[in-house]
Amino acid sequence: MRFISAERIHSGHSFFPAGSVLVLDDNGVVLDVKPKAETGGGKVEFFDGIICPGLINTHCHLELSHMKGKVAEGTGLHAFILEIEKLKKPADEEVQEAIASADKEMFENGIVAVGDICNTSATFSFKKQSKIFYHNFLEVYSFDPSRSDAAFARGTYLAGQLEELGLKKYSVTPHAPYSVSVSLLRRIADHASEKNSILSIHNQESPDEDLFFKFKTGQVIERLKHFGISADHFSPTGKSSLQSYLLHLPRDLKILLVHNTFTGADDLQFAAEYNKDICWCLCPNANLYIENTLPDIRQMEAARCKITLGTDSYASNHSLSLTDEINTILKNFSSVSLETVLKWATFNGARFLEMDHKLGSFEKGRQPGITLLKQDKISKKYSSKKVV
Ligand SMILES: [Zn+2]
């Protein structure tokens with residue numbers, strides 16, 4: 001049995017009263033949380049700093065880890081996507097080494113579970129031996145409705161490869177509103193309903209996404225042309241992206257909307273009325289990297305959105321550290337407290353990934369791992385590491 005305490009302990013929901021002690025068994029399972037006076041004189045391991053349950057990164061692309069430092073910053077999503085397509089390559093030794101090193105970095109900085117986007121099988125065999133719990137979002141795309149079947153088959157092909165490795169946590173999921181046809185979205189939605197699976201989609205990451213859906217103008221059109229994809233079948237809806245595509249996804253399954261950099265208050269309201277299980281994943285450092293802007297987090301808090309955090313990938317970030325995302329939020333949004341953002345980084349993420357029976361909080365019977373956060377006195381930035 002271990003007794004663990006720190007300057008402050010975050011439960012996954014909020015801070016425990018000062019002087020609380022976590023009681024764990026030798027495997028790290030939470031047995032109890034009690035005041036120090038009630039620990040019966042057992043030796044308490046004390047950490048300088050804040051401890052919280054292991055962090056949950058709900059949006060990453062581990063397979064893009066080899067792109068670290070290779071993509072220019074601040075060019076906008078359009079140029080970013082063209083650049084990424086050029087840098088994609090088969091899963092050679094460099095790709096595999098980058099995957100292993102990114103996974104190790106996340107584990108050491110206190111991340112215990114990841115919602116990971118997969119366009120290929122490059123990460124699958126590595127994940128079999130990883131200490132991190134992964135939910136694999138098998139991401140499919142095709143804007144051409146005549147290619148819906150082939151695009152969807154790619155998702156089920158990847159699912160088969162995971163099954164062969166004994167990896168069961170996955171869902172076939174859409175890439176982004178502008179890269180999937182309505183017929184492909186419906187196909188994905190039917191499959192998710194059948195399997196009762198969680199979904200993820202990149203949402204309103206650039207202003208051009210709304211321009212495309214409202215008026216069929218902007219850089220999305222240019223990009224489709226660049227890739228030789230016809231948009232002739234597409235008629236603008238006159239509504240925002242979110243209000244155009246969400247109707248084709250299930251009302252009763254958990255859906256993670258990722259980025260939300262250009263999401264308006266009316267979109268937040270629309271989403272909440274359509275589906276009670278929408279979660280909003282923030283990847284602020286990737287937003288700064290690509291578009292040099294941040295989502296309106298104040299507005300999301302006011303609308304009582306369920307928020308989770310993600311690092312996105314090394315194509316658009318300088319680190320895979322949820323704590324660096326927390327630092328960016330605290331620096332730019334003074335209304336957001338550390339107590340709140342830690343809930344987003346732990347319990348909310350675990351709940352979305354359906355891992356909350358084990359991870360995300362210090363409730364009795366959970367085995368969430370322990371992450372230690374320390375604040376630098378001068379920069380005020382937190383750093384984190386796994387301690388249990
Ligand atoms: Zn992404």
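This structure is a prediction, so every number in the text was calculated from the model and none was measured.
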Stepwise side chain to side chain donor-acceptor pair (under 3.5 Å) test for Asn285 and Thr328: CA-CA 7 Å; Asn285 287 337; Thr328 298; 2.5 Å; yes

Is the shortest heavy-atom distance from the side chain of Leu282 to the side chain of Met300 under 4.5 Å? yes

With no hydrogens and no angle check, just 3.5 Å: does a side-chain donor-acceptor pair link Ser130 and Asp103? yes

Tell me if a side-chain donor or acceptor on Lys386 pairs with a main-chain N or O of Gly54 at a distance below 3.5 Å. no

Is the shortest heavy-atom distance from the side chain of Met1 to the side chain of Asp25 under 4.5 Å? no

Does Phe3 reach the side chain of Leu22, with side-chain heavy atoms less than 4.5 Å apart? no

Minimum heavy-atom separation for Pro250 to Leu199, with atom names? CD-CD1, 3.8 Å

Under 6.0 Å between ring centres: does that hold for His66 and His61? no

Any donor-acceptor pair under 3.5 Å from Ser244 side chain to Ser240 backbone: yes

Side chains of Tyr134 and Asn57: donor-acceptor distance under 3.5 Å anywhere? no

Determine, for Asp26 against Arg2, whether the closest basic-nitrogen to carboxylate-oxygen distance falls under 4.0 angstrom. no

Taking side chain as C-beta onward, heavy atoms only, is Tyr382 less than 4.5 Å from Leu330? yes

Partner of Cys283 under side-chain contact (heavy atoms from CB on, under 4.5 Å), picked from Thr311, Val258, Thr58, is Val258

Any donor-acceptor pair under 3.5 Å from Thr123 side chain to Glu63 backbone: no

Run the side chain to side chain donor-acceptor pair (under 3.5 Å) test on Ser183 and Ser148 for me, step by step, so that the C-alpha distance in whole Å, both residues' side-chain angles and the decisive distance to 0.1 Å come before the verdict. CA-CA 7 Å; Ser183 66; Ser148 292; 2.6 Å; yes

Is a salt bridge present between Lys239 and Asp267, judged by a nitrogen-to-oxygen distance below 4.0 Å? no

CD (Glu301) with more than 12 external heavy atoms under 6.0 Å: yes

Checking Ser181 side chain against Leu184 main chain: does a donor-acceptor pair fall under 3.5 Å? yes

Smallest separation among heavy atoms of Leu253 and Ser193, with atom names: CD1-N, 3.7 Å

Glu163 vs Tyr170, test: side chain to side chain donor-acceptor pair (under 3.5 Å). Steps then yes/no. CA-CA 9 Å; Glu163 289 278 357; Tyr170 62 82; 2.7 Å; yes

Charged N-O contact under 4.0 Å between Glu85 and Lys88: yes

Using modelled atom types only, decide if a donor and an acceptor are shared between the side chain of Gln375 and the backbone of Lys380 within a distance under 3.5 Å. yes

Evaluate the side-chain proximity of Leu372 to Ile50: yes if any heavy-atom separation is below 4.5 Å, no if none is. no

Under 6.0 Å from the CD atom of Glu93, do we count more than 12 heavy atoms belonging to anything else shown? no

May I ask you to decide whether Lys89 forms a salt bridge with Asp92, counting only side-chain N to carboxylate O separations under 4.0 Å? yes

Assess whether a salt bridge exists between Lys343 and Glu339, defined as any Lys/Arg side-chain N lying under 4.0 Å from an Asp/Glu carboxylate O. no

Establish, from distance only, whether the side-chain atoms of His259 and Glu209 form a donor-acceptor pair under 3.5 Å. no

Any donor and acceptor pair, going by atom type alone, linking the side chain of Asn136 with main-chain N or O of Leu138 inside 3.5 Å? no

Taking all atoms of both residues into account, what is the closest heavy-atom pair of Asn109 and Leu55, and its distance? O-CD1, 4.1 Å

Basic-acidic side-chain contact under 4.0 Å: Glu354, Lys169: no

Take a 6.0 Å sphere around NZ of Lys331 and say whether it holds more than 12 heavy atoms from other residues, nucleotides or ligands. no

Within the 3.5 Å criterion, strictly below it, is a donor on Asp208 or Tyr178 matched to an acceptor on the partner's side chain? no

Check whether any side-chain N or O of Glu7 sits under 3.5 Å from a backbone N or O of Gly49 as a donor-acceptor pair, and report yes or no. yes

Going by the angle between their ring planes, with limits at 30° and 60°, are Phe347 and His13 parallel, tilted or perpendicular? tilted

ILVMFWY cluster, Ile81 and Ile201 together (side-chain gap under 4.5 Å): no

Using a 4.5 Å cut-off on heavy atoms from C-beta on, say whether the side chain of Lys214 contacts that of Pro236. no

Please answer whether the main-chain N or O of Thr261 pairs with a side-chain N or O of Gln204 as donor and acceptor at a distance below 3.5 Å. no

Taking Gln367 for its side chain and Asn27 for its backbone only, find out whether a donor-acceptor pair lies under 3.5 Å. yes

Using every non-hydrogen atom in the two residues, find where Pro295 and Asn260 come nearest and quote the distance to one decimal. CB-O, 3.4 Å

When you measure from the side chain of Gln96 to the backbone of Ala122, do you find a donor-acceptor pair of N or O atoms at a distance under 3.5 Å? yes

With a 4.5 Å cut-off on side-chain heavy atoms, are Gln161 and Glu164 touching? no

Just checking His10 against Phe362, ring centres under 6.0 Å apart? no

Show the nearest heavy-atom pair for residues Cys60 and Leu320, with the distance to one decimal. SG-CD1, 4.4 Å

May I ask you to test the Thr308-Ile56 pair for a side-chain heavy-atom distance under 4.5 Å? no

Smallest heavy-atom separation, Ser65 atom then Leu62 atom, equals OG-O, 2.6 Å

Step by step, would you call Tyr314 with Glu105 a side chain to side chain donor-acceptor pair (under 3.5 Å)? CA-CA 12 Å; Tyr314 260 131; Glu105 176 193 344; 2.5 Å; yes

Taking the six-membered ring for Trp, are Phe213 and Phe234 closer than 6.0 Å centroid to centroid? yes

Test of understanding: clusters of I, L, V, M, F, W, Y form through side-chain heavy atoms closer than 4.5 Å, transitively. Do Ile9 and Leu338 belong to the same one? no

Cationic N near anionic O, under 4.0 Å, Lys385 to Glu108: no

If you measure from the Lys or Arg side-chain nitrogens to the Asp or Glu carboxylate oxygens, is any gap between Asp277 and Lys306 under 4.0 Å? yes

Would you call the rings of Phe137 and His135 parallel, tilted or perpendicular, taking 30° and 60° as the class edges? tilted

Give every donor-acceptor pair under 3.5 Å between a side-chain atom in residues 220-233 and any protein atom, sequence neighbours left out.
{"residue": "Arg223", "atom": "NH1", "partner": "His78", "partner atom": "ND1", "Å": "3.2"}
{"residue": "Ser230", "atom": "OG", "partner": "Asp232", "partner atom": "N", "Å": "3.1"}
{"residue": "His233", "atom": "NE2", "partner": "Phe143", "partner atom": "O", "Å": "3.2"}

